[in-house]
2 protein chains.
Amino acid sequence: MKEGPDIAQIGALIGDPARANMLAALTGGRALTATELAGVGGITVQTASTHLAKLEAGGLLAQRKQGRHRYFTLADEAAARLIESMMGFAAGRGHLRHRPGPKEPALRKARICYDHLAGDYGVRMLDSLIASGAIDAIGDGLALTQKGENDLKGIGIDVGDLRSSRRPLCRSCLDWSERRAHLAGSLGKALLSSFLDKGWARRTAESRSIMFSQEGDRQFLRLFPVDA
Amino acid sequence: MKEGPDIAQIGALIGDPARANMLAALTGGRALTATELAGVGGITVQTASTHLAKLEAGGLLAQRKQGRHRYFTLADEAAARLIESMMGFAAGRGHLRHRPGPKEPALRKARICYDHLAGDYGVRMLDSLIASGAIDAIGDGLALTQKGENDLKGIGIDVGDLRSSRRPLCRSCLDWSERRAHLAGSLGKALLSSFLDKGWARRTAESRSIMFSQEGDRQFLRLFPVDA
DNA sequence: GCGATGCTTCGGTTACGATCGAACTATGAA
DNA sequence: TTCATAGTTCGATCGTAACCGAAGCATCGC
């Protein structure tokens with residue numbers, strides 16, 4: 001029996017805790033080596049190696065050899081979206097690996113979600129963009145308005161460049177901590193990049209959280225106000 | 001270790017072949033009994049029972065007791081979307097359970113996807129609605145136009161009723177056989193229902209395919225033309 | 001009450017796959 | 001060349017979870 005795609009294969013791939021941890025870590029967007037991934041998975045390198053091979057064969061991971069290192073990333077945006085949508089679903093059902101830890105608050109405030117900003121700040125940014133009329137929310141979709149395009153130019157983002165990529169400009173992404181949407185897509189990526197470039201924020205070494213500087217915090221809150 | 005939602009749990013739930021088959025069968029939208037699900041899973045009822053309990057505990061399934069039967073459905077639209085997005089991803093990677101079988105062509109032509117029309121006909125319908133200006137495609141999102149609302153009234157669908165539900169009116173859903181989008185959301189559901197009510201099409205007993213009558217076929221193709 | 005049907009729980013078996021130690025290959029540095 | 005680091009492959013072990021037979025509830029029809 002049966003017609004249709006084989007869900008069980010990729011389910012099983014994601015279903016192993018060690019592999020799931022590695023995938024979640026790669027949600028952070030940066031490429032990691034096999035040894036680093038063994039660390040986040042809590043397993044030895046040999047074991048990690050076989051896991052990584054399976055994930056790559058399953059189309060979830062891509063690797064790039066560089067010298068004697070092997071850097072792994074999520075295969076593409078589709079893979080990233082799958083993982084993120086599973087995180088959203090899992091969070092909605094209370095399937096949390098709740099070991100609160102000290103990094104938690106920072107993670108809820110602002111973190112990276114593949115290549116864009118998530119957490120409280122990510123949600124706030126999208127809300128603000130919609131409230132100001134820079135983005136229209138239509139059904140599930142998001143569309144940049146003319147006003148939005150002008151506003152963005154003011155902070156140094158040229159939307160024309162972004163449109164040339166095949167990737168959608170705006171996409172909404174469900175936030176597992178806030179359970180509300182934040183902005184993904186090439187525009188989401190560009191915005192985060194600009195914050196990092198401006199020195200408003202920086203990525204932390206070992207976690208997916210994003211640390212805003214005092215000045216960056218001030219600027220961000222000014223740029224994306226929320227009226228309650 | 002780790003912060004964040006536990007992907008591994010639901011991954012493992014979906015990762016078992018028997019469970020995956022049951023979930024895929026429920027993608028057909030209709031409620032199935034435990035014994036029926038045991039059949040599609042290819043296992044005995046005892047085993048199915050434990051699987052179903054796990055799926056329910058995991059928030060993927062909901063059950064409704066009715067007499068001495070227990071009817072299972074996907075827990076909600078979020079669960080359905082997760083399964084469908086996994087099917088889309090799996091299909092894109094060529095993870096097919098290819099046992100072509102005789103039902104395949106019918107399935108590719110028209111099938112039910114949770115509660116709306118998918119397959120060749122589903123894709124065609126959305127394409128046609130966009131081409132005629134009834135629906136605007138904006139980024140990832142779909143929005144019904146005024147013209148669309150009028151057109152729909154002509155075939156007996158009152159959009160006002162649909163808007164009252166909290167569920168989004170239009171949503172695009174990736175088709176695993178066509179690898180293109182078709183129309184989901186409450187409007188997608190309403191359209192399929194109207195085809196069934198009109199007698200243009202009927203659901204088959206054991207498969208997810210939808211059979212159009214000769215007359216239904218003619219009407220459908222007239223209503224949703226594609227100019228090539 | 002009775003048996004029949006639908007489903008769950010229990011107990012024991014079995015198989016698959018995750019795991020690691022050890023040996024092996026590849027790249028880089030000295 | 002030799003040593004060190006990064007990663008893979010092999011072989012063997014071990015745990016977990018899927019599985020089914022049998023027994024136990026629950027609900028229906030009579």
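Naming: A, B, ... by sequence-line order, numbering from 1 per chain. The structure presented is a predicted model; accordingly, all values stated were derived computationally and were not measured.
Rounded to a whole Å, the CG atom of A:Leu13 is 12 Å from the P atom of C:dG17. If you measure from atom CZ of B:Arg68 to atom P of C:dG6, you get 6 Å, rounded to the nearest angstrom. Going from atom CD of A:Gln46 over to atom P of D:dT9 covers 13 Å, rounded to whole Å. Rounding to whole angstrom units, CD1 of residue B:Ile43 and C1' of C:dT8 are separated by 14 Å. Regarding A:Asp16, its CG atom lies at a distance of 17 Å from the P atom of C:dC16, rounded to whole Å. Spacing between atom CD of A:Gln66 and atom C1' of D:dA6 amounts to 14 Å, rounded to whole angstrom units. Across the protein-nucleic acid pair, B:Arg70 atom CZ and D:dT27 atom P stand 9 Å apart, rounded to whole Å. Taking atom OH of A:Tyr71 as the reference point, atom C1' of C:dT27 lies 14 Å away to the nearest angstrom.
In this view, A:Glu56 satisfies the salt bridge (Lys or Arg N to Asp or Glu O under 4.0 Å) rule with no residue, not counting sequence neighbours.
Between A:Ala75 and B:Arg93, the shortest heavy-atom contact is CB-NH1, 3.9 Å.
The side chain of A:Thr44 places no N or O atom within less than 4.0 Å of a non-bridging phosphate oxygen (OP1 or OP2) of C:dT19. Side-chain N/O atoms of B:Thr47 include none lying less than 4.0 angstrom from OP1 or OP2 on D:dA18.
Of the candidates B:Arg81, B:Arg30, B:Arg208, B:Arg167, B:Asp115 forms a salt bridge (Lys or Arg N to Asp or Glu O under 4.0 Å) with just one, namely B:Arg167. Of the candidates A:Leu55, A:Leu82, A:Val40, A:Leu55 is the only one forming a side chain to side chain contact (heavy atoms under 4.5 Å, CB included) with A:Leu23.
Proximity of residues 49-65 of chain B to DNA chain C (heavy atom under 4.0 angstrom from any strand atom) is restricted to B:Ser49.
Using a 30° and 60° split on the angle between ring planes, A:Phe195 and A:Phe220 fall in the perpendicular class, above 60°.
For residues 82-92 of chain B, no residue pair satisfies the side-chain hydrogen bond (donor to acceptor under 3.5 Å, both in side chains) rule, not counting sequence neighbours.
Candidate nucleotides C:dC20, C:dT19, C:dT8 were compared by shortest atom distance to the side chain of B:Phe72, and C:dT8 ranks first.
Side-chain atoms of B:Arg111 and B:Ser177, non-hydrogen and from C-beta on, do get closer than 4.5 Å to each other.
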